Each structure stands twice: as C-alpha cells, then as structure tokens.
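Below: the structure, in structure tokens.
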2 protein chains.
Amino acid sequence: MIEATARVLASKGAAGVSVRAICAEAGVSPGLLRHYFAGVSDAIADTYRIIGRQIAEALEIAVEMAGPDPRARLIAYITASFRAPIADPQLLSSYVALWSLSRSDPEVARVRAEVYRDFRSGLELLIRAWRPELPDLRLPAIALTALIDGLWLELSLGDAPFTPEEAEMLAEKWLDCVIA
Amino acid sequence: MIEATARVLASKGAAGVSVRAICAEAGVSPGLLRHYFAGVSDAIADTYRIIGRQIAEALEIAVEMAGPDPRARLIAYITASFRAPIADPQLLSSYVALWSLSRSDPEVARVRAEVYRDFRSGLELLIRAWRPELPDLRLPAIALTALIDGLWLELSLGDAPFTPEEAEMLAEKWLDCVIA
DNA sequence: CATCTTGTTATACGATCGTACAGCAAGGAA
DNA sequence: TTCCTTGCTGTACGATCGTATAACAAGATG
C-alpha cells in the first residue's frame, strides 16, 4: 500500500494523490486505506517515513562500503544520492511531490523535518570524523544538503542534462570548497 | 486574478489550488476564471510566466545596479535570489508548488522549461562576459542553479536556519569553486 | 461448535471539484 | 434609441473527492 502511494505520488504528483488513486494503484478496494491509515495524509506521511528510512539505510551501506578513510566515507555519503538505489526517477518524483505537500500538510512537514534532521546529523557526524577541528558544522551541512537537493530537483524536472558522474564531481568539489 | 493564483499556490500548495479557491481569493465569482483562462491549468501556467518575468526583471535590475565590473555583475545576478524582491516567502512557496505541478502538468512543465532556460542563459552570458576563455558553461550554470534552488527549498520548507547573507556568501564561494 | 477479531469489499452520503450556461449591467456603435 | 460586445454573477450538472458503514470470508479463540 505504501509502495502504491509512492507510485501515485511519482506519477500524478501532489495534486493527484487521493484515496481512490492509491487503492486503485494497489489493486484493492477504496475503503481499505482507512483500515491501515487514519487518512490520506497519514498514508502519505508514513510513505515519506518509509522512503526516508530506505534512503538512510542506503546511505549507511554506501558509507560502510567506502572503507575506513574518513574523507572517503564522507564522500560516499554525499555521492550516494546520485547512485542506485537512491538516484531513481520514481523516488525523485515522489520527493518533489512530498516537498510540496510538506508545505500545506503539517503531518508531512513533521516527517520531512525528521528525515532532514537525520540526514544532516549523519552528514555532520562524518564531517566531524574527518575534520574534528572545525567549530561550526551547521552551514557546511546546510550548503551540502542544498546542492544535493538542487541537483535532485534538476534531475527530476529534467531540463538540465548532466550525468551522475558529473553530479558526484560537483558534490565532491563543493565539499572541498565549503569545508576549506 | 494571477496574483490571487499565486497567493493560493503559496498558502494551499499544489494540492489545494482550484478554480473556486482562486476566485474566492480574488473576490470574484467562480465562473470568472474561465473568461480569462482556458482552465485552471492555463491560469497556473500564466501565473508561472508572470512570476518568472518579474524575477527576470529583478535580476536585470540587480545586475545593472552592480556597475560595470563583470564579476560584480555575475555575483549580483546570483545573490539577487536571496534579496528582496525575489527572496519573498510567498514567492518561494509558490515556486515549490509550481515545481511539483510541473511534473504532472505538461503546460506548467513547458513554462518551467522556458523560465529556467532564460535564467541559465542569463547566467551563462554573465559568466562569459567575465571569463570568455571558458569552453563549456553548461555544467557551471547547472551547478549554480542547483545550489540556488536548493537554498530556496530550504528557505521555504524552513527547518535549516541560515541568513540571506550566509546564502550569498555560499553562492559566491560556489561560483569561485565551480568556475576555477 | 460458537464467537470474535481481522482483512477486505461494496456501497452510500455529503462536500467539493471543473465546467457549462443563462442572465445581467454597462458602455460603445449603429 | 437600439444593438452588440464585454465583464461578471449565479447556478446547475456530472464527476470525483474523503469518509462512514454494512456485509462477508477466514482464521483464531473460546
């Protein structure tokens, strides 16, 4: 059901998501959504939570596969957003819709705040492991998050052609620039 | 009417925009929208077009006020996105909603492509005036646009506190980093 | 066996949606 | 004056929305 919600979010956008659309996508009766969720808003928030957790797990795996070097681990964390399984067209589309919904739906907004707090705290942890002497990690973390989100946006809305490799190169360059 | 559409887009998001909401916000009868527009999609697209033109004019003014130095003009173009009148909460909220809508509405998507093409071509023009020797301006323009959009997103969804001055500093730093 | 929860369907209700249309007020053209 | 366009209102229609609820199948529990 949550997978169906993500698919509807990706295909029909924030304006097209509805109880009936989700249940039709899941191949079940329209009434079933309210057996699992308090409402459509709750279903969307849970979908956001699941997606956020999947991304966090993918990031964790990418960091572990990078080995012991602190800088390599940090770069892996940043560039994993442009590799599978995170760099997925459907996931990016869902994300844009969720951004929009989080502006009008307080429940979605709360989940978004959680997801971003976790992402940024993971980022700050890795930066601190690499450069323990840096006093303030707030602005670098914000800057890196902004670039990643901006590149995701361009990938999803898709009129600015660039490759994942270029995105990774840019992210790495931005890291060196914003940390130095 | 277009101002009312922008206000609804900002306050109710992509999912809450409707003929009746727009006309109620404008203080007119619900039937009036279809006298001026072919439909709600057309009204939203026109709103996007007007907003894009206002932003373009504000950018042009910022560049002119920066004087003759090519680098100062380029920096003015980039940092104007974080100053009045562009850095406006309602405008940013409308923008996030329009991003989402452009993924499901072909007409809005077309306008978005126009607006971004114009923004990037203005950016590339200023870069070329500053550094005529650079061969490829595509990736730097994409990178700068991505950072600006990402910072806009964080400003609008607003759980990452940073000041406009910090945003300008980051944008300037990113420019030097991505051009060098 | 009877009962009770659980997953699921089907349907119905009121609200709201986009759209269509008839009508009215006003102003310029004849 | 009459007519015709234009800006705008009000309302009505069918579709779709979120939600509620009755019904049913099946498995667990007594």
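What you are looking at is a predicted structure, and each value in this text was computed from that prediction instead of being measured. Chain A is the first sequence line, chain B the second, and so forth, proteins listed ahead of strands; every chain is numbered from 1.
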Practice item. With heavy atoms under 4.0 Å as the rule, sort B/Phe37 into base, sugar-phosphate or nothing. Key: nothing
Distance, rounded to the nearest Å, where [X] contributes [atom1] and [N] contributes [atom2]:
| X | N | atom1 | atom2 | answer |
| --- | --- | --- | --- | --- |
| B/His35 | C/dG23 | NE2 | P | 14 Å |
| A/Leu33 | C/dG7 | CG | C1' | 14 Å |
| B/Met1 | D/dG7 | CE | P | 12 Å |
| A/Leu32 | C/dT11 | CG | P | 16 Å |
| B/Arg20 | D/dG10 | CZ | P | 13 Å |

Is any side-chain nitrogen or oxygen of A/Ser29 closer than 4.0 Å to OP1 or OP2 of C/dT8?
-> no
**Asked** Does A/Tyr36 place a side-chain N or O at less than 4.0 Å from the phosphate oxygens OP1/OP2 of C/dT8?
**Response** yes
Notebook entry, point to check: What do the steps show when you test A/Glu133 against A/Arg128 for salt bridge (Lys or Arg N to Asp or Glu O under 4.0 Å), and what is the final call?
Noted result: CA-CA 8 Å; A/Glu133 77 279 8; A/Arg128 191 169 291 121; over 6 Å; no
Answer yes when A/Arg20 and A/Glu25 have at least one side-chain N-carboxylate O distance shorter than 4.0 Å, and no when they do not. no
Item to complete: Anything under 30° is parallel, anything over 60° is perpendicular, the rest tilted; go ahead and classify B/Phe119 against B/Tyr116.
Response: tilted
Practice prompt. Could you label the plane-to-plane angle of the A/Trp174 and B/Trp174 rings as parallel, tilted or perpendicular, counting under 30° as parallel and over 60° as perpendicular?
Written response: tilted
